[in-house]
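Worksheet for the structure shown next.
Note that these values count all heavy atoms, side chains included, but never hydrogens, waters or copies made by symmetry. Remember, it's 1-based here, ligands and their atoms both numbered in the order they're listed.
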Amino acid sequence: MKRPDYKRARAEAARLLKHYSIRSLPIDPEAIAESEGINVVYVEFNEKASKLISGLYDFNAQKIYVNKTLPSNRKTFTIAHELAHAILHQEYAESTDYRAMPRSNVHFDKPPEEKEADVFAACLLVPPSALKKYKDVASIEELSSMFAVSRDVVTAQMDFL
Ligand SMILES: [Zn+2]
C-alpha cells in the first residue's frame, strides 16, 4: 500500500485558503466546496446507513452528501474531508476502493487517501498559521469553538506545529 502524502494534503489546504483569501474564523468548507463547483447536500440517510456514515462524495455528480443528524462540528469536518477527495483524489474517488466516511473514526487499515483527507480537513479548518497565533492565549476548549472543530482536531494540529 502506498504511503500517505501529508505534505501534499497540507499544501493543497493552504493553497485553497490563499486562493479564496480566507482569513476569518471559523472556516466554512461548504462555501469553499461550492466555489469549487461541488454541491453540498444534507441528507437523511436510512436508519442503518445513518448509524454508520458521516458523509460521502459522489464523483460523477460532484456532490458531497452529509449526514444531517451529525453535530455541527462533525458536519463541518465531514465536508472538509470529502472536499479533500474531490480535490486530491480523483482516481480514488472514482474507484471501488473509495469509502464513505464512517461515523466512528476507529479504523484499521485506512487507505492512504483517507488519512490524507483527514489531514487536509484539519489543515483547512485549523490553519497552522492561525493556530500559532492563538495557541498561547486560548485554551483547547476556546480554540475548539473558535475553529468550530472537535478538541481532537485542535490537539492533532497542535502536535503538528
Ligand atoms: Zn474519506
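At a cut-off of 3.5 Å, with distance as the only test, a side-chain donor of Y42 or E30 sits close to an acceptor on the other residue. Donor-acceptor pairing under 3.5 Å is lacking for the side chains of N73 and S150.
The nearest N/O/S atom of H85 to the Zn ion (ligand 1) is NE2. H81 has its closest N, O or S atom to the Zn ion (ligand 1) at the position named NE2.
Classification of the F77-H81 ring pair by plane angle, with boundaries at 30° and 60°, yields tilted.
Residue contacts to the Zn ion (ligand 1): E114 brings an N, O or S atom closer than 2.8 Å.
In this structure, the side chains of E114 and P111 come closer than 4.5 Å at one or more pairs of heavy atoms.
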